[in-house]
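First the structure, in the form of structure tokens, and then the observations on it.
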Amino acid sequence: MAHTEDGPRPKYQRIADALREAIQSGQYGPGDRLPGENDLMATHGVARMTARQALGVLRDEGIAEARKGAGVFVRTFRPLRRRGIQRLAGQQWGNGRSVWSADIENRSLEVDRITVSEEPAPDRVGAVLGLSGEEPVCVRRRRFVLDGKPVLLATSYLPMSLVAGSAITQEHTGEGGTYARLAELGHKPVHFREEIRSRMPTKDEAAQLRMSAGTPVMLICRTAYTGDGRSVEVNEMTLDAASYVLEYDFDA
């Protein structure tokens, strides 16, 4: 029997562990149907609630998904490996490539629900951007959909005094995106800072990202700085935690 420092693991956790191991070993592949509640009850001699909890663990981890009237299946969506350092290299956007091109390989990416507006800066954003009083910001909101699955919501804030009249204030910013346009305006980003934390999603976030119940989101707040240390963009991102692997590769 598996034990922890606080005692034996609950039966439903041990059943979930066995199913997870079977998935990782290839016994169940992407799209395969997992044993149902009745199967787990018979195999492990447990009550229906215990079997239901075990399957719920895999759903909450993003490993499995329930299909109404059909059962619980191994997820077919392959998590996105977000290469946090390579994607922001100047040679990416400086050569007209999207920062996403470092992540998605040959997968299909769509950006939808794009809105661009001029708004008062939220206090937290104004403080980071060094804005005074009611100085407005350009706010760019969008959703990223990979292989038909929404994976990320992003909201960028940029000082309107820097970007007014530029392509940054339009839906489509052109090759290389916002950072390439900032460089053309004389405000080239040369340094980035990212903060990462996690929490459970709001109802709206869960709906927009079509998330399974119990799945958390990761929050990444990125600030872009110019060579003289001026912050020129704050980008607040909400990621479906079950859809991502965060990768940071750097020299010692």
[atom1] of [X]: more than 12 outside heavy atoms within 6.0 angstrom?
X	atom1	result
Met49	CE	no
Arg67	CZ	yes
Asp123	CG	no

Can you tell if the side chain of [X] reaches within under 4.5 Å of the side chain of [Y], non-hydrogen atoms only?
X	Y	answer
Leu34	Ile23	yes
Ser243	Leu146	no
Pro201	Thr238	no
Ser117	Arg141	yes

Given side chain to side chain contact (heavy atoms under 4.5 Å, CB included), test Arg48 with Asn38 step by step and report yes or no.
CA-CA 7 Å; Arg48 183 173 300 278; Asn38 291 338; 2.8 Å; yes
With clusters defined by side-chain heavy atoms of hydrophobic residues (ILVMFWY) lying less than 4.5 Å apart, directly or transitively, does [Y] cluster with [X]?
X	Y	value
Val72	Val74	yes
Leu19	Tyr12	no
Val111	Tyr157	no
Met237	Leu109	yes
Met211	Leu153	yes

Calculate, to the nearest 0.5 Å, the distance between atoms [atom1] and [atom2] belonging to [X] and [Y] respectively.
X	Y	atom1	atom2	value
Glu135	Met160	CD	CE	10.5 Å
Arg20	Gln13	CZ	CD	7.5 Å
Glu194	Ile220	CD	CD1	5.5 Å
Thr223	Arg193	OG1	CZ	6.5 Å
Leu209	Thr215	CG	OG1	10.5 Å
Thr155	Glu119	OG1	CD	9.0 Å

Treating Arg143 as the side-chain partner and Gln208 as the backbone partner, does any N or O pair qualify as donor plus acceptor under 3.5 Å?
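Between the backbone of Gln208 and the side chain of Arg143 there is a qualifying donor-acceptor contact (under 3.5 Å).
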Hey, is the main chain of Glu175 close enough, under 3.5 Å, to the side chain of Arg181 for a donor-acceptor pair?
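Checked: pair present.
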Say whether [X] and [Y], considering side chains only, have a donor N or O and an acceptor N or O under 3.5 Å apart.
X	Y	answer
Thr202	Asp204	no
Glu233	Tyr179	yes
Arg142	Ser156	yes

Check against side chain to side chain contact (heavy atoms under 4.5 Å, CB included), Val46 and Gln53
CA-CA 11 Å; Val46 296; Gln53 286 178 300; over 6 Å; no
Salt-bridged, Asp17 to Arg14, with N to O below 4.0 Å?
no
[X] versus [Y], closest heavy-atom pair with distance:
X	Y	answer
Met218	Ala241	CE-CA, 3.9 Å
Ala16	Ala54	CB-O, 3.7 Å
Glu236	Val125	OE2-CG2, 4.3 Å
Val232	Leu182	CG2-CD1, 4.0 Å
Val151	Tyr244	O-CE1, 3.4 Å
Lys11	His44	CE-O, 3.9 Å

Mind running side chain to side chain contact (heavy atoms under 4.5 Å, CB included) on Val234 and Arg124 for me, showing each step along the way?
CA-CA 10 Å; Val234 173; Arg124 67 184 185 283; over 6 Å; no
For Arg140, which of Thr169, Thr115, Ile168, Val163 qualifies under side-chain contact (heavy atoms from CB on, under 4.5 Å)?
Ile168
Check the pair Val217, Leu219 against side chain to side chain contact (heavy atoms under 4.5 Å, CB included), reporting the backbone distance first and the verdict last.
CA-CA 6 Å; Val217 290; Leu219 307 177; 4.1 Å; yes
